[in-house]
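Please read the structure below before turning to the comments.
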Amino acid sequence: MELHFPSNFLWGSTTAAYQVEGNNYNSDFWAEEHAEGSPYKDKSGDTIDHYRLYRQDIALMASLGLNTYRFSIEWSRVEPEPGQYSRSAIEHYRDVLETCYEHGITPVVAMHHFSSPKWLMRLGGWASPEVPERFAKYCEVVFRELGHLIPYALTMNEINLPVMLREIFSKIGFIPPVGIDRDAWVAPKWRESAAKLCGTTIESYFTFHMISDVTSINILKETHRKARESIKRISPNTKVGLSMALSDIQSISGGEELAEQKWHSYFRQYLPIIEGDDFFGLQNYTREVYGPEGQVKPAEEAEQTQMGYEFYPEALSNVIRKVSKDLSIPIMITEHGIATDDDTRRVEFIGKALKGVQACLNEGIDVRGYLHWTTFDNFEWQSGYSMRFGLIEVDRSTQERKVKESARYLGSIAQWNKLVLK
């Protein structure tokens with residue numbers, strides 16, 4: 001049986017600058033890695049050296065059959081000090097974009113993927129009322145130079161993740177997204193050290209992952225609005241949106257009200273700022289089940305990924321259907337993946353999820369693309385290099401890329417624009 005997709009469907013994979021470029025030493029995350037008592041398992045270092053090897057990496061993606069590449073531009077490289085913009089960084093990203101076009105790949109660009117310039121912490125970080133204007137100015141500088149090369153832009157990645165982190169950390173025993181350890185998150189000592197490395201004190205130190213109170217969420221919302229306005233004013237043809245991390249929120253008897261509260265907290269509270277966006281970036285990895293006492297752990301026999309998530313590829317189509325009830329704009333799957341050393345499980349995860357995506361398309365839901373997280377095994381934040389999300393393995397002693405079967409599988413689906421069910 002063959003399941004066909006629309007002729008203009010975007011098929012690709014995703015990276016984040018900090019996780020693949022290497023030596024991002026002007027970032028707040030670099031400070032966190034190198035802080036005294038840091039909970040990071042590894043130092044990012046060169047990561048997979050994508051800042052140098054991007055041309056061969058993009059050529060490799062294209063050779064597999066992928067037609068889209070979602071990556072992020074690193075704010076701390078473009079604006080290393082307030083109001084000072086790096087010509088070399090801008091030219092680097094220009095060449096990344098032009099290389100995509102040389103290989104027939106559509107770029108999708110995130111203007112922010114978790115990491116921020118160290119200097120932002122000196123101004124109060126993401127709790128500062130200066131953030132919306134400063135971020136909008138950064139977007140303006142980039143789009144004046146590169147806007148004609150960027151057909152799709154995400155202002156920020158996973159704007160709702162900080163709220164998810166705050167709530168998940170209140171539940172002992174659950175592993176939070178992006179590998180952040182709960183005890184480390186609330187321990188002040190290493191954050192004091194990180195703040196010092198950023199040139200400030202812990203009172204001013206407020207990273208993107210800490211945006212979970214009313215005041216900082218409102219700053220975040222205004223940041224998105226101003227960034228979108230800045231981008232559209234300069235590059236009106238660029239489609240602008242944002243992305244959210246959304247688990248498939250389910251309930252058992254007695255947990256219905258709590259599940260609704262979680263869905264509002266994770267998704268519906270942000271609906272007002274999506275008004276005016278051109279598309280929605282949906283990111284999903286698993287499901288969360290709620291009962292009358294709170295979140296229910298997966299059954300003991302349930303398969304779990306390296307991140308401790310339940311293996312549940314059906315979650316993707318469930319979330320697509322759920323968000324489509326509130327959205328009138330196209331949906332792009334901007335992340336979906338699995339951390340595992342068993343690549344056969346990744347192949348099955350992709351296949352089962354795409355079967356659900358095709359069903360959503362048949363139901364009339366406007367899904368424009370599927371971008372898998374992630375292109376390469378890379379630096380997974382506080383989990384270091386232990387989590388294997390990649391379609392492509394990297395020998396970091398030589399930086400040799402080794403294509404996995406899952407990459408060939410997704411590339412074949414992309415090349416033929418159809419999913420063959422056995």
Side-chain angles (χ1 to χ4, degrees), residues 6-17 20-21 50-62 66-80 83-113 117 132-157 223-243 274 276-281 329-334 366 368-369 371 375 414:
S7 59
N8 58 349
F9 202 75
L10 299 175
W11 294 102
S13 59
T14 301
T15 64
V20 296
E21 287 183 343
H50 185 60
Y51 200 83
R52 181 175 66 90
L53 300 175
Y54 64 91
R55 290 190 184 96
Q56 73 176 54
D57 288 342
I58 292 169
L60 179 56
M61 296 175 216
L66 303 179
N67 62 36
T68 306
Y69 177 35
R70 190 204 127 188
F71 63 93
S72 67
I73 289 177
E74 183 63 33
W75 186 6
S76 64
R77 291 190 190 272
V78 172
E79 191 178 5
Q84 298 180 20
Y85 300 95
S86 168
R87 169 57 53 186
S88 64
I90 290 170
E91 291 307 313
H92 167 82
Y93 289 115
R94 186 192 307 277
D95 198 59
V96 174
L97 289 160
E98 290 178 345
T99 302
C100 285
Y101 286 106
E102 287 172 16
H103 292 280
I105 284 184
T106 298
V108 177
V109 175
M111 296 303 294
H112 186 271
H113 193 125
E133 288 290 346
R134 288 188 177 274
F135 187 76
K137 180 62 177 179
Y138 150 67
C139 291
E140 177 186 329
V141 169
V142 170
F143 273 82
R144 285 198 186 282
E145 295 280 350
L146 308 178
H148 64 291
L149 297 170
I150 303 175
Y152 298 94
L154 299 170
T155 57
M156 292 168 283
N157 179 67
T223 301
H224 172 66
R225 290 191 189 99
K226 284 189 177 296
R228 181 181 63 207
E229 290 169 5
S230 181
I231 293 168
K232 297 295 281 189
R233 184 175 61 253
I234 298 163
S235 183
N237 292 328
T238 299
K239 304 295 185 186
V240 182
L242 50 73
S243 73
I274 298 174
D277 284 3
D278 298 306
F279 72 100
F280 176 72
I329 55 176
I331 297 166
M332 186 187 299
I333 300 156
T334 45
D366 189 357
R368 298 292 176 90
L371 311 182
T375 313

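The first residue in the sequence is number 1, and the count goes up from there. All values below were derived from every heavy atom in this structure, side-chain atoms included, with hydrogens, water molecules and symmetry-related copies excluded.
For the pair Phe143 and Arg233, the minimum side-chain heavy-atom distance is 4.5 Å or more. Between Val142 and Ile231, the closest side-chain pair of non-hydrogen atoms is not below 4.5 Å. Taking 4.5 Å as the limit, every side-chain heavy atom of Tyr93 sits out of range of all side-chain heavy atoms of Glu145. Side-chain contact check for Leu97 versus Val109: some heavy-atom pair is nearer than 4.5 Å. Counting heavy atoms from C-beta on, the side chains of Leu242 and Asp277 come closer than 4.5 Å. Looking only at side-chain heavy atoms (C-beta outward), Pro117 and Glu79 stay at 4.5 Å or farther from each other. Between Glu102 and Arg55, the closest side-chain pair of non-hydrogen atoms is not below 4.5 Å.
At distances below 3.5 Å, at least one donor-acceptor pair connects side-chain atoms of Ser230 with backbone N or O atoms of Ala136.
Using a cutoff of 4.0 Å between basic side-chain nitrogens and carboxylate oxygens, Arg225 and Glu229 are not scored as salt-bridged. Ion pairing of Arg87 with Glu91 is present here, as a side-chain N (NZ or NE/NH1/NH2) and a carboxylate O approach within less than 4.0 Å.
Nearest heavy-atom pair, Thr155 versus Met111, reported as atom, atom and distance to 0.1 Å: O-CB, 3.4 Å. Here the closest heavy-atom approach between residue Arg70 and residue Thr334 is recorded as NH1-O, 3.0 Å. Across all their heavy atoms, Thr106 and Pro151 have their closest contact at CG2-CG, 3.9 Å. Smallest separation of non-hydrogen atoms from Tyr69 and Thr375: CE1-OG1, 4.1 Å. For the pair Ser72 and Glu21, the tightest heavy-atom approach, listed with the atom from each and the gap, is O-OE2, 4.3 Å.
For the pair Arg368 and Tyr152, the cation-pi test (distance below 6.0 Å, angle within 45°) is failed.
Checking Thr15, Thr14, Asn157 one by one against His113, the side-chain hydrogen bond (donor to acceptor under 3.5 Å, both in side chains) holds for a single residue, Asn157.
The environment of NZ in Lys137 is sparse: at most 12 heavy-atom neighbours from other residues, nucleotides or ligands sit within 6.0 Å.
Relative orientation of the Tyr138 and Trp75 rings is parallel, given thresholds of 30° and 60° on the angle between their planes.
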